[in-house]
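In what follows, every chain begins at residue 1, and chains take the letters A, B, ... in the order their sequences are listed.
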Amino acid sequence: MSVIVRFAPSPTGYLHIGSARTALFNWLFARHYGGKMLLRIEDTDRARSTQEAVEAIYKGLEWLEIGWDETPVHQFDRKDRHIEVAKDLLAKGMAYYCYCTPEELETMREEARAKKLPPRYDGRWRDRSPQEAPEGVNPVIRFKAPQTGDTVIHDLVQGEVRVSNQQLDDMILLRADGTPTFNLSVVVDDHDMGITHIIRGDDHLTNMFRQFSIFKAMEWDVPYYAHIPLIHGPDGAKLSKRHGALGVEAYRDMGFLPEALRNYLLRLGWSHGDDEVISTKEAIQWFDLDHVGKSPARFDFVKLTNLNGHYLREADDNRLVNLVVPFIEKKYEIPVNADARNFLHRGMAGLKQRAKTLLELVENSLFYIAPQPLNEAAQKILNEEGLQILKVMESRLSCFPEDSWTEAKLEEYIRGIAEERELTLTKATQPLRAALTGKNVSPSVFDIMYVLGKDKTLERVRAILQ
RNA sequence: GUCCCCAUCGUCUAGAGGCCUAGGACGUUGCCCUUUCACGGCAGCAACGCGGGUUCGAAUCCCGCUGGGGACGCCA
């Protein structure tokens, strides 16, 4: 049997980080088994679904480099088929019309709650004749759920999950306005799309039982289920916007790399021995449902950031330049010309090992684009003594041959000057660093001087000396 | 309230009865490397929620408690 999974988000907002993880797990599972991952937009809630959200989902998945197979299915387009199945269930006597009004149901629930009973529909129209229907009430169609016994399902992550059928009430299949509800649509679509494995958040665990009953009533093959635990915030509560339930594009804007986010999300709830840094190739090779944990994990920005630093250091210089430039132009409104771009490119090797996010990288790159104002520490370095040293450097560097202007030769030269003046290397280089970058912290000064070239280096040093 | 699920360092986790004086990673502390800062290296601190069983032996199995989470819509 070839594996077919689906990622089925509802387009009511951005692509939430938890959904992104669900998508990732589905994708890895499909790739691992050489199967397909289909995309289904669950847009049956017309009031809340938006086209912007649909776009956000596509964009988010694209940014994460999680591809899907075939044309996405829009659930609402399949409404007629869902209705057809509901009618079929009705004809088979496995569903019935219910004439309760929303108000009636509300009082039913309130009474149940008052008696400390679970708030559920009591099935009052289950065996009543439609002849008794009150006038002017559009009925809903309810599913005749099994009332006795237990339903036992073997979930690939949760193990054997059992629930008493008394816990399940008769869910609504078709609303009073004739539109299908979620549980019906999902089952029909999963069946029609040939889904073999349903991998989704464990907030759907109870839906599994309802959906299972519909599969059985229709005599359809039931797919395998895998309910993965939800992601929690740092405080252990459900992930909220406050702590990270942001759209993936927010992570992009915070300067994270997609491969870092994927790696982080993968390790949140899944493990492969002691492996932490896992390439996509390895992830596909290793991913399985057996090693998905059952307990919810807390989202940890610090660890994500660390992982991002790793992937930043590993990233290709050219790619990084391409990522950094738009940030600079947008955030700092500094146009990046060809010269500046070239500096960035040549300086990237030194730059990238000192940043954990793209934002940091951008911030640290700025001095290559244009001279930066001295920060407090740089001003301190350039005190009387520092300026003296800088003056020496200026005159000595002026007569340093341009064709020897390389990192290694510059280092040798400046080490010589320091020795001759009985200065520590730190004393000798810090004024240069401050003058060149405006900061006390930066990549190697020799590297910077080399990248900037003799003219630009001296130009900046002289600007400080004036 | 009812039902379901979960429980190892601060966090993510390894661990499927003896390999555990519980391993790795992030974070943290100290040291080394070093032109600054990073990177890297080394070392340290740090956990099996509690109580009962089962067993020669339990982090691992069973029960209870406690704590956390999720679900109970004409939302998905």
Side-chain angles (χ1 to χ4, degrees), chain A residues 8-12 42-45 47-49 75 98 100-102 105-106 109 112-121 138-142 155 158-159 161-164 166-169 171-179 181-183 185-186 201-207 209 227 229-230 232 234 236-238 264 267-277 291 293-307 309-310 313 350-356 364 377 381 411 414-415 418 424-430 432-434 437 439-446:
Chain A
S10 54
T12 52
E42 309 220 315
D43 55 353
T44 53
D45 185 341
R48 295 200 300 150
S49 299
Q75 195 159 53
C98 166
C100 285
T101 60
L105 290 170
E106 190 43 46
R109 274 192 283 270
R113 258 190 261 269
K115 286 188 216 157
K116 310 227 173 203
L117 290 169
R120 277 193 282 268
Y121 173 66
N138 284 327
V140 299
I141 293 180
R142 282 187 187 270
D155 186 283
Q158 304 290 333
V161 191
R162 172 190 301 267
V163 82
S164 159
Q166 289 170 3
Q167 294 299 322
L168 277 16
D169 61 3
M171 73 191 120
I172 292 173
L173 262 18
L174 245 42
R175 301 188 185 94
D177 65 3
T179 57
T181 59
F182 169 73
N183 280 307
S185 301
V186 166
D202 71 7
D203 49 337
H204 283 292
L205 202 64
T206 43
N207 286 324
F209 292 98
H227 286 90
L230 264 19
H232 285 177
K238 195 177 179 177
Y264 176 72
R267 279 287 291 104
L268 208 56
W270 178 85
S271 59
H272 185 267
D274 285 342
D275 294 305
E276 293 288 344
V277 176
H291 291 84
K294 286 200 204 179
S295 50
R298 300 184 191 200
F299 195 88
D300 182 6
F301 261 102
V302 180
K303 190 162 183 181
L304 203 211
T305 304
N306 172 276
L307 215 39
H310 170 87
R313 270 173 260 133
L351 251 17
K352 71 182 179 186
Q353 55 183 311
R354 275 160 250 264
K356 288 191 189 299
N364 298 343
I381 290 165
E411 175 165 356
I414 288 174
R415 274 183 191 277
T424 61
L425 240 202
T426 304
K427 273 276 184 210
T429 56
Q430 281 301 76
L432 274 171
R433 185 187 314 283
T437 68
K439 291 195 278 192
N440 55 317
V441 167
S442 81
S444 154
V445 282
F446 312 119

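- Here C98(A) lies out of heavy-atom contact (under 4.0 Å) with every strand.
- Residue contacts shown for P229(A) are absent, as no nucleic acid heavy atom lies under 4.0 Å away.
- One C1' atom belongs to rC9(B), the other to rG23(B), and the distance between them is 12 Å to the nearest Å.
- The partner of rU11(B) is rA25(B), by the rule that a Watson-Crick or G-U pair needs both atom distances under 3.5 Å.
- Of all heavy-atom pairs between Q430(A) and N440(A), the closest is NE2-O, 3.4 Å.
- Out of rC4(B), rA71(B), rC74(B), the shortest distance to the side chain of D203(A) is found at rA71(B).
- One finds a side-chain N or O of R415(A) lying less than 4.0 angstrom from the OP1 or OP2 phosphate oxygen of rU35(B).
- Closest to the side chain of V163(A), out of rA71(B), rC4(B), rA38(B), is rC4(B).
- In this structure, G309(A) reaches neither bases nor backbone, as no heavy-atom distance under 4.0 Å exists between it and the strands shown.
- Among the heavy atoms of the strands lying under 4.0 Å from V445(A) is at least one base atom, whether or not backbone atoms are also near.
- Centroid-to-centroid, the aromatic rings of Y264(A) and F299(A) come within less than 6.0 Å.
- With a 3.5 Å ceiling on both atom-pair distances, the Watson-Crick or G-U wobble partner of rG1(B) is rC72(B).
- Put simply, the side chain of Q75(A) never gets that close to the backbone of T44(A): no donor and acceptor are under 3.5 Å apart.
- A sub-4.0 Å separation between OP1 or OP2 of rA14(B) and a side-chain N or O of S271(A) is present.
- In this structure, CG on L174(A) lies 7.0 Å from OG1 on T179(A), to the nearest 0.5 angstrom.
- Here rA76(B) is the nucleotide among rU35(B), rC74(B), rA76(B) with the atom lying nearest to any side-chain atom of D45(A).
- Counting non-hydrogen atoms under 4.0 angstrom, R298(A) reaches the backbone sugars and phosphates but no base.
- When the side chain to side chain contact (heavy atoms under 4.5 Å, CB included) test is applied to N207(A), the partners found at least two apart in sequence or on another chain are F182(A), N183(A), H204(A), R210(A), Q211(A).
- Donor-acceptor pairing under 3.5 Å, judged by distance alone, is present between the side chain of D274(A) and the base of rG23(B).
- Within 4.0 Å (heavy atoms only), S442(A) reaches at least one base atom of the nucleic acid.
- Residues Y121(A) and R142(A) meet the side-chain proximity criterion, which asks for heavy atoms closer than 4.5 Å.
- Annotation: rG44(B) and rG51(B) have their P atoms spaced 30 Å apart (nearest Å).
- Between rA47(B) and rG1(B), the two P atoms lie 34 Å apart (nearest whole Å).
- For rC48(B), there is no paired nucleotide, since no Watson-Crick or G-U wobble pair has both relevant distances below 3.5 Å.
- In the interface, the side chain of T426(A) is not paired with the base of rU36(B) through any donor and acceptor atom under 3.5 Å apart.
- Among the protein residues, T44(A) comes within range of the sugar-phosphate backbone only, with heavy atoms under 4.0 Å from sugar or phosphate atoms but none that close to a base.
- Applying the 3.5 Å distance criterion, the base of rC39(B) shares no donor-acceptor pair with the side chain of R313(A).
- As the counterpart of rC61(B), rG53(B) is assigned, both hydrogen-bonding distances of the Watson-Crick or G-U wobble pattern falling under 3.5 Å.
- One can place NZ of K439(A) at 13 Å from P of rA38(B), the figure rounded to the nearest angstrom.
- Y264(A) comes within 4.0 angstrom of no nucleic acid atom, judged by non-hydrogen atoms across all strands.
- Using a 4.0 Å heavy-atom distance criterion, Q353(A) is classed as a base contact.
- The side chain of F182(A) lies closest to rA76(B) when the candidates are rA76(B), rU2(B), rG69(B).
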Could you write out each protein N or O paired with an N or O of nucleotides 26-31 of chain B at a distance under 3.5 Å?
| from | atom 1 | to | atom 2 | distance (Å) |
| --- | --- | --- | --- | --- |
| rC26(B) | O3' | N306(A) | ND2 | 3.2 |
| rG27(B) | OP1 | N306(A) | ND2 | 3.4 |

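- Backbone-only contact: T206(A) has heavy atoms under 4.0 Å from sugar-phosphate atoms and none from a base.
- Using C1' as the reference atom, rG24(B) and rA46(B) are 14 Å apart when rounded to the nearest Å.
- Rounding to the nearest 0.5 Å places OG1 of T305(A) at 14.5 Å from NE2 of H310(A).
- Counting distance only, with no hydrogens placed and no angle test, the side-chain atoms of R433(A) and the base atoms of rU35(B) include a donor-acceptor pair under 3.5 Å.
- Counting heavy atoms from C-beta outward, R120(A) and Q166(A) have side chains that stay 4.5 Å or more apart.
- Residue S10(A) places its side chain closer to rA76(B) than to any other of rU36(B), rA7(B), rA76(B).
- Nucleotides rC20(B) and rG67(B) are separated by 26 Å at their C1' atoms, to the nearest Å.
- Here rC3(B) is the nucleotide among rA25(B), rC3(B), rC6(B) with the atom lying nearest to any side-chain atom of Q167(A).
- Here, rA25(B) and rU54(B) have their C1' atoms 36 Å apart, quoted to the whole Å.
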Report each atom pair, protein N/O against N/O of nucleotides 59-64 of chain B, whose distance is under 3.5 angstrom.
none

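- Comparing the P positions of rU13(B) and rU29(B) gives an interatomic distance of 24 Å, to the nearest angstrom.
- Contact annotation for N207(A): base contact, defined as any heavy-atom pair under 4.0 Å involving a base atom.
- For K294(A), a side-chain nitrogen or oxygen approaches OP1 or OP2 of rC6(B) to under 4.0 Å.
- Using P as the reference atom, rA22(B) and rC45(B) are 11 Å apart when rounded to the nearest Å.
- Residue A297(A) is classed as a sugar-phosphate contact, given heavy-atom separations below 4.0 Å to backbone atoms only.
- Remark: S444(A) is not in phosphate contact with rU35(B), judged by side-chain N or O atoms under 4.0 Å from OP1 or OP2.
- At a threshold of 4.0 angstrom between heavy atoms, the contacts of R162(A) are confined to the sugar-phosphate backbone, with no base atom among them.
- rC33(B) is unpaired under the Watson-Crick or G-U wobble criterion, no partner having all donor-acceptor distances under 3.5 Å.
- Nearest-nucleotide assignment on RNA chain B puts the 5′-proximal partner with F209(A), out of E276(A) and F209(A).
- In terms of position on RNA chain B, the residue among D169(A) and H204(A) whose nearest nucleotide sits closer to the 5' end is D169(A).
- For rA38(B), there is no paired nucleotide, since no Watson-Crick or G-U wobble pair has both relevant distances below 3.5 Å.
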